[in-house]
*Asks:* 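Can you keep this structure in mind? I'll have questions shortly.
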2 protein chains.
Amino acid sequence: MPKVETFDKELVLKKATYVFHNKGFNATSMQDLVDATALNRSSIYNSFGSKLDLFLECLKSYENIYTIKICETLHKADNSLHAIELLFEFYINEIINDKDGKGCLVVNCASEMANQEQSLTNFLCSNQDSFIELLEGLVLKGQEESTINLKRTSKEYAFYLLSSIRGLRTTGILISNKKDLQTIAKTIIQTLI
Amino acid sequence: MPKVETFDKELVLKKATYVFHNKGFNATSMQDLVDATALNRSSIYNSFGSKLDLFLECLKSYENIYTIKICETLHKADNSLHAIELLFEFYINEIINDKDGKGCLVVNCASEMANQEQSLTNFLCSNQDSFIELLEGLVLKGQEESTINLKRTSKEYAFYLLSSIRGLRTTGILISNKKDLQTIAKTIIQTLI
DNA sequence: ATATATTTGGAACGTTCATTTCAAATAAAA
DNA sequence: TTTTATTTGAAATGAACGTTCCAAATATAT
């Protein structure tokens, strides 16, 4: 019976995500989103609810896209240590290709709003938990196959890697020299060997 | 001849800094600053210029306060490695005592606005340069006194530490468990020994 | 005491904000 | 073809935004 949603939701989310990523949540206006998505105000509100709701959907979409990219990256590895090396290489390329110096949407979101909006904190915590889980599994496998040392538990190394990756992402906002970033990454990984 | 500025500029900056730190630049309104400082709108504009100007002054004030705190911390150390350990301990305590989960004002500022406002980028770069200089000197001294290894140059380790500290600060927004943070710090420092 | 440069208080500025409203357009189902 | 649920466009909402303005208050220097 009804007229059906005509726009490509994935594409709209991608465009909205770019704006949020570039300007941050608070500096992004509804007008910015209308301009970027070429959707009408009403359509945005109809389809997504509020600005915050849309932002949350963008975060989830961003998370999904990255999860896929990361899985693809990890599959190319011979062993777990190599996988972690590829993971850092992946992030360095993300930084290099980020010409606007936007940083990571999720990390930025934590900086800007983690202590202000519970719904975001919930997202960020669950995002963190899944990432820790991924890293812990990776390290554990590396320790089993003896490519990663046993000086610390897999969980401890997972936290270390999480923190290090966030640091690299943040540092990449101001430093986008590939050599410098690679040296940092090598130094981070050195600990595991 | 003139009536003279009556308020305590240092104190006003401290109060304004707290608001900016807690809510971020864009989410902070001029009304918030009026309320927090108990100054009149006109007085703020008269004394500081614009919201952005005031923010920049807050950043500088924040930077100065931290520079002093860090210098005091480093002075307590027996050697350079110990100094770095104390530095991490200092940051961990900052995180623990930050009950609102605000994170670091400077790191947050980079996330929120580094790619939007040149005046901030300038500040952030010069802030980064001084910090790199401090860390490099520390590592160099540690290498001379053989408390830090020579696997990498002092400059390389300085970048590594910079990135690691930022990571720790960002991670501390969501994780404020002291044990976890200490383990991360130990793992970071391990590389230098 | 008077003059003077500056700071204040409070209202007002025009703009932009997120969101709502509602009639017109639309496309599937009957 | 008519009905119907939904999406759309455009304008309007009131509140909040950063900033400005100006008269009144004030503290120093004369």
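To find a chain, count down the sequence lines: A is the first, B the second, and so on, and within it residues start at 1.
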*Asks:* Going by the rule salt bridge (charged side-chain N to carboxylate O under 4.0 Å, His left out), which residues pair with B/D98 if we only count those two or more places apart in sequence or in a different chain?
*Replies:*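 For B/D98 the salt bridge (charged side-chain N to carboxylate O under 4.0 Å, His left out) partners, ignoring immediate neighbours, are B/K102.
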*Asks:* Expected output is a numbered-order residue list: members of residues 50-62 of chain B with a heavy atom under 4.0 Å from any atom of DNA chain D. What is it?
*Replies:*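 Nucleic-acid contacts, sorted: B/S50, B/K51.
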*Asks:* Can you pull the salt bridge (Lys or Arg N to Asp or Glu O under 4.0 Å) pairs that have at least one residue in residues 166-183 of chain A, sequence neighbours excluded?
*Replies:*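 Checked against salt bridge (Lys or Arg N to Asp or Glu O under 4.0 Å) - neighbours excluded - no pair reaches residues 166-183 of chain A.
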*Asks:* List the residues meeting side chain to side chain donor-acceptor pair (under 3.5 Å) with B/K23, not counting sequence neighbours, and say none if there are none.
*Replies:*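 Side chain to side chain donor-acceptor pair (under 3.5 Å) check on B/K23 returns B/D32.
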*Asks:* Examine C/dT7: is either OP1 or OP2 under 4.0 Å from a nitrogen or oxygen in the side chain of B/S43? Give yes or no.
*Replies:*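 Answer is no, no contact under 4.0 Å.
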*Asks:* Identify, with sequence neighbours excluded, every residue that meets salt bridge (charged side-chain N to carboxylate O under 4.0 Å, His left out) alongside B/K69.
*Replies:*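 B/E94.
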*Asks:* Can you list the residues that meet the ring-ring contact (aromatic ring centres under 6.0 Å, His included) rule with B/Y62, with sequence neighbours excluded?
*Replies:*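 Applying ring-ring contact (aromatic ring centres under 6.0 Å, His included) to B/Y62 gives B/H21, B/Y66.
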*Asks:* Among residues 20-38 of chain A, which residues get a heavy atom nearer than 4.0 Å to DNA chain C?
*Replies:*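 The answer is A/T28, A/S29, A/M30.
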*Asks:* Under the salt bridge (charged side-chain N to carboxylate O under 4.0 Å, His left out) rule, collect the residues that match up with B/K141, sequence neighbours excluded.
*Replies:*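 Counting only residues at least two positions away or on another chain, B/K141 forms no salt bridge (charged side-chain N to carboxylate O under 4.0 Å, His left out).
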*Asks:* Of all residues at least two apart in sequence or in a different chain, which pass the side chain to side chain donor-acceptor pair (under 3.5 Å) check with B/T147?
*Replies:*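 Here the qualifying residues are B/E145.
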*Asks:* Nucleotides 21-24 of chain D: which of its N/O atoms have a protein N/O under 3.5 Å away?
*Replies:*
unit_1 : atom_1 : unit_2 : atom_2 : d
D/dC21 : N4     : B/S42  : OG     : 3.2

*Asks:* Could you state the atom-to-atom distance from CG of A/N46 to C1' of D/dG9 in whole Å?
*Replies:*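 Atom-to-atom, A/N46 to D/dG9, this comes out as 12 Å.
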*Asks:* Grab the OH-C1' distance between A/Y45 and D/dA12 for me, whole Å please.
*Replies:*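 Whole-Å distance recorded here is 14 Å.
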*Asks:* Answer yes if the side chains of B/R152 and A/T183 hold a donor-acceptor pair under 3.5 Å, and no otherwise.
*Replies:*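 No - no donor-acceptor pair under 3.5 Å links their side chains.
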*Asks:* In whole angstroms, how far is the P atom of D/dT8 from the CZ atom of A/F48?
*Replies:*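 Between P of D/dT8 and CZ of A/F48: 11 Å.
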*Asks:* Going by ring-ring contact (aromatic ring centres under 6.0 Å, His included), name the residues that satisfy it together with A/F55, two or more places apart in sequence or in a different chain.
*Replies:*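 Partners of A/F55 by the ring-ring contact (aromatic ring centres under 6.0 Å, His included) criterion, ordered by chain and then number, come out as A/F20, A/F25.
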*Asks:* Tell me, please, which residues at least two apart from B/T121 pass side chain to side chain donor-acceptor pair (under 3.5 Å).
*Replies:*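 B/T121 satisfies side chain to side chain donor-acceptor pair (under 3.5 Å) with no other residue.
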